[in-house]
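Chain A is the first sequence line, chain B the second, and so forth, proteins listed ahead of strands; every chain is numbered from 1.
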Amino acid sequence: MLRIHNSLTGQAEPFEPLVPGQVRMYVCGITVYDYLHLGHMRMFVVFDVVRRYLRHAGYAVTFVRNITDIDDKIIRRAAQNGEPIGELTARYIAAMDADAARLGVERPDIEPRATDYVPQILALIARLIERGHAYVAASGDVLYSVASFPAYGRLSGKRLADLRAGARVEVEESKRDPLDFVLWKRSKPGEPTWESPWGAGRPGWHIECSAMSTALLGEYFDIHGGGMDLKFPHHENEIAQSCGASGHPFVKLWMHNGFVNVDDEKMSKSLGNFFTVRDILPRLRHPEVLRYFLVGSHYRGPIHYALLQLEQADAALDRLYTALRDLPLAAPPAGRSIYRQRFEAAMDDDFNTAEAVAVLQTLAREINTLRAAGKLPQAAAWAAEFRALAGLLGIAQLDPGEWFRLSLPGEGAPLAGPSDAQVEEKIRARLAARKAKDFAASDRLREELAAQGVLLEDQPGGLTTWRRK
RNA sequence: GGCGCGGUAACAAAGCGGUUAUGUAGGGGCCUGCAAAGCCUUUUAGGCCGGUUCGACUCCGGCCCGCGCCUCCA
């Protein structure tokens with residue numbers, strides 16, 4: 001039985017979809033004005049795993065992740081670049097897709113863009129005004145009246161009085177309440193605008209997610225996710241908007257992933273301590289290393305980014321691929337094997353991927369032990385099981401031979417080592433030397449390759465395998 | 001100040017009221033021509049102080065420390 005921690009109740013709850021057999025989930029994506037940083041990628045990977053596992057559990061999953069393609073930061077960046085907004089967002093959407101693909105993140109079923117949903121946004125705002133949850137301020141902006149929604153603050157555990165007391169928001173004269181937020185923004189000259197009953201303007205940030213999720217998944221759906229930093233105010237505001245408009249609940253289960261920290265601080269743009277995926281990938285043997293690092297800890301806790309962590313992820317993956325190496329294709333063991341049961345038990349416990357990875361490591365040892373005992377068919381069967389389970393996390397999906405031929409880049413540029421063919425040739429020469437019991441020559445060849453980052457491993461059958469370090 | 005999260009061994013990171021987490025790193029052994037890999041084994045744990053209990057890293061209370069949100073942010 002799958003249990004998921006619900007941010008709304010603060011507890012793990014048995015997962016039961018609203019419509020049996022179907023899961024509708026919406027995840028807040030990113031604002032496209034720059035490259036993905038590690039924090040974004042964590043969110044992508046976390047919900048990619050959630051989606052994969054729900055599908056594995058037998059649900060038909062509809063996964064929506066939006067793209068915010070209009071907001072202040074985009075407008076500002078486009079102006080800085082002297083670039084049309086559409087070009088800027090198209091560029092970063094393409095970059096986002098490419099980065100996500102390299103990490104093995106599957107495309108969402110639907111990737112709505114805010115600018116494509118302006119009619120729905122306008123309809124939603126009209127409804128909110130009609131129901132007394134929104135008003136047109138003197139400034140011309142349309143604002144949400146927080147006081148009209150008594151449940152405001154429930155998700156984030158905040159009380160209105162506390163929020164008002166600590167309000168650092170500049171109190172605009174036109175706001176009835178300092179906590180009221182913008183639904184429709186009166187546009188300034190030169191900014192992108194859409195016509196509306198309240199004058200030319202553009203959507204506020206929060207309203208787009210209410211409009212898009214409702215349009216695509218209905219007024220009440222199963223899972224809504226995003227980074228922990230969206231809990232307040234973004235998700236709180238979404239609830240106020242959607243429930244205010246519909247008069248009934250909006251989302252059954254809220255999921256929030258933890259931050260990526262650097263030196264114990266949240267990775268963020270304002271602190272300047274962020275690393276983009278494009279900064280990191282060139283330092284890795286393969287993007288999978290980053291994915292392994294991300295699934296190596298529980299999604300709700302913080303994760304500490306450091307190069308040392310990536311090196312450890314690389315070593316751990318190396319071990320997994322070593323277990324998988326040179327085994328014939330085989331069918332997995334019949335039924336729910338003990339490892340499958342342990343893996344699923346871990347995942348059923350609020351997606352405990354750290355535990356699930358530990359199960360895979362233990363399974364790798366089982367495979368190694370069977371192989372050493374000469375029980376290749378059994379080892380191959382477990383390897384097949386391993387692949388299936390690891391696929392749910394999106395790790396260890398390469399051909400092992402391919403993995404071992406990849407080199408670990410140094411600082412910046414990849415090592416310029418010998419080609420595969422050159423390695424093979426030296427191995428042949430060494431093999432001849434070994435046959436002639438000329439171990440001095442044999443060892444010399446091995447050392448030459450070692451100096452070039454190639455490690456040789458003499459297998460029992462007289463075969464020599466190699467790997468780049 | 002309000003709300004919330006966390007402090008586990010050399011580095012990461014989980015579960016669990018009593019039994020080996022797991023990976024990396026270190027020691028020893030087996031295997032190997034020697035290695036590597038693998039397997040076996042092993043050293044370093046649970047912020048501090050109390051309480052509950054036959055027994056607590058694991059439950060309860062207090063304290064200390066760190067972090068996050070309360071403002072755009074995955």
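Distances were taken from every side-chain heavy atom of A/His304 (C-beta onward) to each of B/G68, B/A13, B/A37; the shortest belongs to B/A13. For A/Asn352, the side-chain atoms get nearest to B/G15 when compared with the rest of B/A74, B/G38, B/G15. In this structure, of B/U22, B/G15, B/A13, it is B/U22 that holds the atom nearest to the side chain of A/Thr362. In the set B/A14, B/G66, B/A74, the nucleotide with an atom closest to the side chain of A/Asp264 is B/G66. Of the candidates B/A21, B/C72, B/C34, B/C72 carries the atom nearest the A/Lys73 side chain, counting heavy atoms from C-beta on. Here the side chain of A/Thr31 is nearest to one of B/A35, B/A13, B/A74, namely B/A74. Between B/U22, B/A74, B/A14, one nucleotide has an atom nearer to the side chain of A/His40 than all others, and that is B/A74.
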Could you list the protein-to-nucleotides 27-31 of chain B atom pairs, N/O on both sides, closer than 3.5 Å?
none

Polar atom pairs between nucleotides 8-10 of chain B and protein, under 3.5 Å, N or O only, would you list them?
none

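Among pairs with a residue in residues 449-469 of chain A, none fulfils ring-ring contact (aromatic ring centres under 6.0 Å, His included), at least two apart in sequence or across chains. Among residue pairs with one or both ends in residues 349-395 of chain A, those qualifying as ring-ring contact (aromatic ring centres under 6.0 Å, His included) are A/Tyr339-A/Trp382; sequence neighbours excluded.
The cationic atom of A/Arg76 (NZ for Lys, CZ for Arg) does not lie both less than 6.0 Å from the six-membered ring centre of A/Tyr33 and within 45° of the ring axis.
The 5' end of RNA chain B is approached more closely, in terms of each residue's nearest nucleotide, by A/Gln361 than by the other of A/Asp71 and A/Gln361. Mapped onto RNA chain B by nearest heavy atom, A/Val359 and A/Arg430 fall at different nucleotides, with A/Val359 at the one closer to the 5' end.
Under the side-chain contact (heavy atoms from CB on, under 4.5 Å) test applied with A/Leu456, the options A/Lys426, A/Glu447, A/Arg446, A/Arg467 reduce to a single match, A/Arg446.
For A/Arg434 against B/G33, a side-chain N or O and a base N or O form a donor-acceptor pair under 3.5 Å. Put simply, the side chain of A/Arg42 and the base of B/A74 share no donor and acceptor less than 3.5 Å apart. The base of B/C5 does not come close enough to the side chain of A/Arg300 for any donor and acceptor atom to sit less than 3.5 Å apart.
A donor-acceptor contact under 3.5 angstrom links the side chains of A/Thr115 and A/Asp69, judged on distance only. A/Glu208 and A/Asn66 share a donor-acceptor pair across their side chains, judged by distance under 3.5 Å alone.
Distance check on atom P: B/U19 versus B/U43 gives 15 Å, rounded to whole Å. Taking atom C1' in both B/G28 and B/A21, one finds a spacing of 23 Å when rounded to whole Å.
Between A/His224 atom NE2 and A/Leu155 atom CG the span is 9.5 Å, to the nearest 0.5 Å.
Within the nucleic acid shown, A/Phe44 has no heavy atom closer than 4.0 Å to any nucleic acid atom. In this structure, A/Ser442 reaches the bases: a heavy-atom distance under 4.0 Å links it to at least one base atom across the strands shown. Among the protein residues, A/Asp443 comes within range of the nucleic acid bases, having at least one heavy atom under 4.0 Å from a base atom. Within the nucleic acid shown, A/Ile30 comes within 4.0 Å of sugar-phosphate atoms alone, with no base atom in reach, counting heavy atoms only. A/Gln309 comes within 4.0 angstrom of sugar-phosphate atoms only, judged by non-hydrogen atoms across all strands, and of no base. When heavy atoms are screened at a 4.0 angstrom cut-off, A/Met267 is found touching base atoms of the nucleic acid.
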What side-chain donor-acceptor pairs closer than 3.5 Å can you find for residues 358-365 of chain A, not counting sequence neighbours?
from: A/Gln361; atom 1: OE1; to: A/Arg319; atom 2: NE; distance (Å): 3.3
from: A/Gln361; atom 1: NE2; to: A/Tyr292; atom 2: OH; distance (Å): 3.1
from: A/Thr362; atom 1: OG1; to: A/Ala358; atom 2: O; distance (Å): 2.9

Please report, to 0.1 Å, the donor-acceptor pairs under 3.5 Å made by any side chain of residues 390-401 of chain A, with sequence neighbours excluded.
from: A/Gln397; atom 1: NE2; to: A/Arg387; atom 2: O; distance (Å): 3.4
from: A/Gln397; atom 1: NE2; to: A/Ile395; atom 2: O; distance (Å): 2.9
from: A/Asp399; atom 1: OD2; to: A/Gly401; atom 2: N; distance (Å): 3.1
from: A/Asp399; atom 1: OD2; to: A/Glu402; atom 2: N; distance (Å): 3.2

Can you give me every donor-acceptor pair (side chain of residues 304-314 of chain A, partner residue at least two apart or in another chain, under 3.5 Å) with its distance?
from: A/Asp314; atom 1: OD1; to: A/Arg285; atom 2: NE; distance (Å): 2.9
from: A/Asp314; atom 1: OD2; to: A/Arg285; atom 2: NH2; distance (Å): 3.0

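For A/Leu88 against A/Asn81, the heavy-atom pair with the smallest separation is CD1-ND2, 3.5 Å. Heavy atoms only, all atoms of each residue included: A/Glu238 and A/Ser210 are closest at O-OG, 3.2 Å.
Of all the residues in residues 365-376 of chain A, A/Arg365, A/Asn368, A/Thr369 reach under 4.0 Å from RNA chain B with at least one non-hydrogen atom. Only A/Ser156, A/Gly157, A/Lys158, listed by number, bring a heavy atom of residues 147-158 of chain A to less than 4.0 angstrom from any atom of RNA chain B. Listed by residue number, A/Gly226, A/Gly227, A/Asp229, A/Leu230, A/Phe232 are the residues of residues 225-232 of chain A with a heavy-atom contact under 4.0 Å to RNA chain B. Only at 4.0 angstrom or more do the heavy atoms of residues 382-392 of chain A sit from any atom of RNA chain B, so none qualifies.
Base pairing of B/C54 is made with B/G18, judged by Watson-Crick or G-U wobble geometry with both donor-acceptor distances under 3.5 Å. Across all strands shown, B/C49 is found opposite B/G61 as a Watson-Crick or G-U wobble partner, with both distances under 3.5 Å. When both pairing distances are held under 3.5 Å, B/A36 makes no Watson-Crick or G-U pair with any nucleotide shown.
Taking 4.5 Å as the limit, every side-chain heavy atom of A/Leu216 sits out of range of all side-chain heavy atoms of A/Phe221.
Contact annotation: A/Arg319 side-chain N/O to B/A25 OP1/OP2 distance is not under 4.0 Å. Side-chain nitrogen and oxygen atoms of A/Lys266 include at least one within less than 4.0 Å of the OP1 or OP2 phosphate oxygen of B/C69. Contact check, A/Asn261 against B/G68: no side-chain N or O comes under 4.0 Å of OP1 or OP2.
Look at A/Lys469 and A/Asp318 and you find a salt bridge, because one of the NZ, NE, NH1 or NH2 atoms lies within 4.0 Å of a carboxylate O, short of that distance.
In this structure, the salt bridge (Lys or Arg N to Asp or Glu O under 4.0 Å) partners of A/Arg340, at least two apart in sequence or on a different chain, are A/Glu344, A/Glu385.
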